[in-house]
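First the proteins, then the strands, lettered A, B, ... as listed; each starts at 1.
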Protein chains: 2
Amino acid sequence: MKLSERKKKILRCVVADYIAEAQPVSSKSITEKYMKDISSATVRSELAGLEEMGYLNQLHTSSGRVPSIEAYKLYVTELMDRSKLSSKETGMIREAFKDHVDNLEEVVQNAVKVISELTDYTSVALSGHSGEEEIIKIDLFRYRKTQALLLVVTENTLIRDKFIEIPENMTDGQIQDAGRMLNRLFGGKKLKEALSLGQVAREEIESYKEIFDGVMDAIEDYIVRNKADVITEGEGKILNHPEYNNDAEKVKNFLSVVTSKEKLFDLLKEKDDGIEVNIRIGGGQKENMPEDCSLVTATYSASGVEIGTYGVIGPLRMDYRKVVSVLEGVGKVLEDIMKNKKD
Amino acid sequence: MKLSERKKKILRCVVADYIAEAQPVSSKSITEKYMKDISSATVRSELAGLEEMGYLNQLHTSSGRVPSIEAYKLYVTELMDRSKLSSKETGMIREAFKDHVDNLEEVVQNAVKVISELTDYTSVALSGHSGEEEIIKIDLFRYRKTQALLLVVTENTLIRDKFIEIPENMTDGQIQDAGRMLNRLFGGKKLKEALSLGQVAREEIESYKEIFDGVMDAIEDYIVRNKADVITEGEGKILNHPEYNNDAEKVKNFLSVVTSKEKLFDLLKEKDDGIEVNIRIGGGQKENMPEDCSLVTATYSASGVEIGTYGVIGPLRMDYRKVVSVLEGVGKVLEDIMKNKKD
DNA sequence: GTTAGCACTCTTTGTGCCCGACTGCTAACT
DNA sequence: AGTTAGCAGTCGGGCACAAAGAGTGCTAAC
């Protein structure tokens, strides 16, 4: 069977109505609300077709239709129109970033907060470090007999601290010397460059091999998995939505993901390159994706540097239209801010 | 009316049984399970007395009794006996700290995790810094034209980074000079000392007043409210307990506190001095305490230095006996570890 | 291809009823 | 005076049943 234009239109109505009302959608309500020109009987036969094609489900014989996962997917890729934010909403976004634009940490906090407030879903973020940030300074000093504290300071306010093992007989002078060496070698380089540079340089620096390895570890650790930079807001918002209201098991599942920075990191790190807004619907394949959930993410960058992946996680029956427009709206404001900040 | 010994015994039975079964307790079940020597009619008249005294409530005529907040309070202070942990449980605690005892952050993580697992409640921690830690090093360097990055490194792995404003015309040399000055002044001092020292020294250092103020701010900020050190685990565990299973509003309230580091910090910072285990039952007076919740906390210290406040937050009907023994058990192991670490 | 009409299905809601779980009270007992 | 057995009274939970309502699929006519 082919998806005729009318079928598409009807499917769009069903999904949109179900998102808005959280109730199975009947043929009658479609004709009354959206398509006064045709009769409910016609819609009924179209609905039967859509159900056969796998886009709709029926809870029982005499109930209205509910969208399937496939329907949601089609909806966000083809059927959904984009909405504009109201001026009140854009105002709220601008307001959120009024202060504290200096500190990236706070910027991210504010972004996550305003996203959660505007969408009424749980929002999450992974602040960006694709390895493109420059190393401003490396600092190294003795902490205990066999341990030194390593600090790697990059632009974007980000600091990585890590303890590394050092030989017991190392003098303070040698540690300082090693620190100078590290700064000479890595200062001004991008993290990514430093990582590949490390493969080559390792041979040259015999004397401080242990320290050197520690630094490389720290940088790799930082690029590959920095769970500390996962931020969440509005974890309890899931309970505002009826599908989670009487299902403790579902809520528990959801929370076990949303409150685990490791699991969220796993979900957020996979961003499709170049796609502005990425929508993942339904669990299934992805290990850490909670059952019956959707994740909508957007990755922002300014002047070529990624500044983070922001997203919203919630039920399948999510207001994708609104979520997408909020994420885009925040993205625009964020871009402006980062541009001005550069000066 | 006086609280006779028998009344106390019966009240203990009611509270213990209610904690175990989550069901109103009847006079019959008391005689059958705990007090075979007297009849249910006798227990009934005692229960009526206890109810009049405000220790018990009845949901409706012909239902069993449920403990009041007062009853819980009496239970934990007077009636409850302490339990020993099983060897399996102490084993689990030791196991949890097997590795990573070097990094205080991970120690705290593990503590919180094992507490949550053993008790089946949400557990929280505030790693300790009463201001007793020594400043090991202060580092200062230019970040942007009018900003410098300040690092304060203390023992216990704790690092505080903060941006401070600097005069635009300050040279790199001056910044370094200021850094040296700060190290000379504060190095080796305890945070608290540094804070009071600051009041005096400020006058002497006219040249770097702005920087100096920034440092004092950072230290104060750190001592007074370091929300970054609030850690939680098992947020969803609340749903394992029937009183929260069908009350989305209650869960939302609970989560809004447990997922807010600020609110948790407010709750955890108030620790009664010298009391080993602190039990706060019921919301009411405390602003950030969720309705109908209890918070059991223990503050650990080793060699006179506080290493943190750990706790469990959950329903009024909490297994106080188990929670207290787990907190004590973890405390002992933690103390051992910190003692060994000092070497 | 579309529509009106109708029979059918299934859920939801409300009602009455009974059963069981407790209590409180009273009168008798120790 | 304290304790106990027995009994009447209260309330919630569960079940059956009926009625109402929502929505569909099918058919025959347009």
In terms of side-chain heavy atoms of A/I38, which of D/dT4, C/dT11, C/dT3 is nearest? C/dT3

Which nucleotide in the list D/dT4, D/dG23, D/dG25 gets nearest to the side chain of B/A41? D/dT4

Looking at A/S62 and C/dT9, is any side-chain donor or acceptor paired with a base atom of the opposite kind under 3.5 Å? yes

Do A/R65 and D/dG25 have a side chain to base donor-acceptor pair shorter than 3.5 Å? no

For DNA chain D, whose closest nucleotide is more 5', that of B/S40 or that of B/L59? B/S40

By nearest-heavy-atom nucleotide on DNA chain D, the more 5' of B/D37 and A/L47 is B/D37

Which residues share a side chain to side chain donor-acceptor pair (under 3.5 Å) with B/E32, sequence neighbours left out: none

Within the structure, does a side-chain N or O atom of [X] lie under 4.0 Å from either OP1 or OP2 of [N]?
| X | N | result |
| --- | --- | --- |
| B/S39 | D/dT4 | yes |
| B/S27 | C/dT23 | yes |
| A/R6 | C/dT2 | yes |
| A/T61 | C/dC10 | yes |
| A/T42 | C/dT3 | yes |
| B/S63 | D/dC11 | no |

Interatomic distance, [X] [atom1] vs [N] [atom2] [rounded to whole Å]:
| X | N | atom1 | atom2 | result |
| --- | --- | --- | --- | --- |
| A/I10 | C/dT2 | CD1 | C1' | 12 Å |
| A/K28 | C/dC6 | NZ | C1' | 16 Å |
| B/Q23 | C/dG20 | CD | P | 18 Å |
| A/E51 | D/dG23 | CD | P | 15 Å |

Give a yes-or-no answer on whether the side chains of [X] and [Y] include a donor-acceptor pair shorter than 3.5 Å.
| X | Y | result |
| --- | --- | --- |
| B/S39 | B/T42 | yes |
| B/Y320 | B/S294 | yes |
| B/T299 | B/T309 | yes |

Ring-face cation contact, A/Y121 with A/K237, 6.0 Å cut, 45° max: no

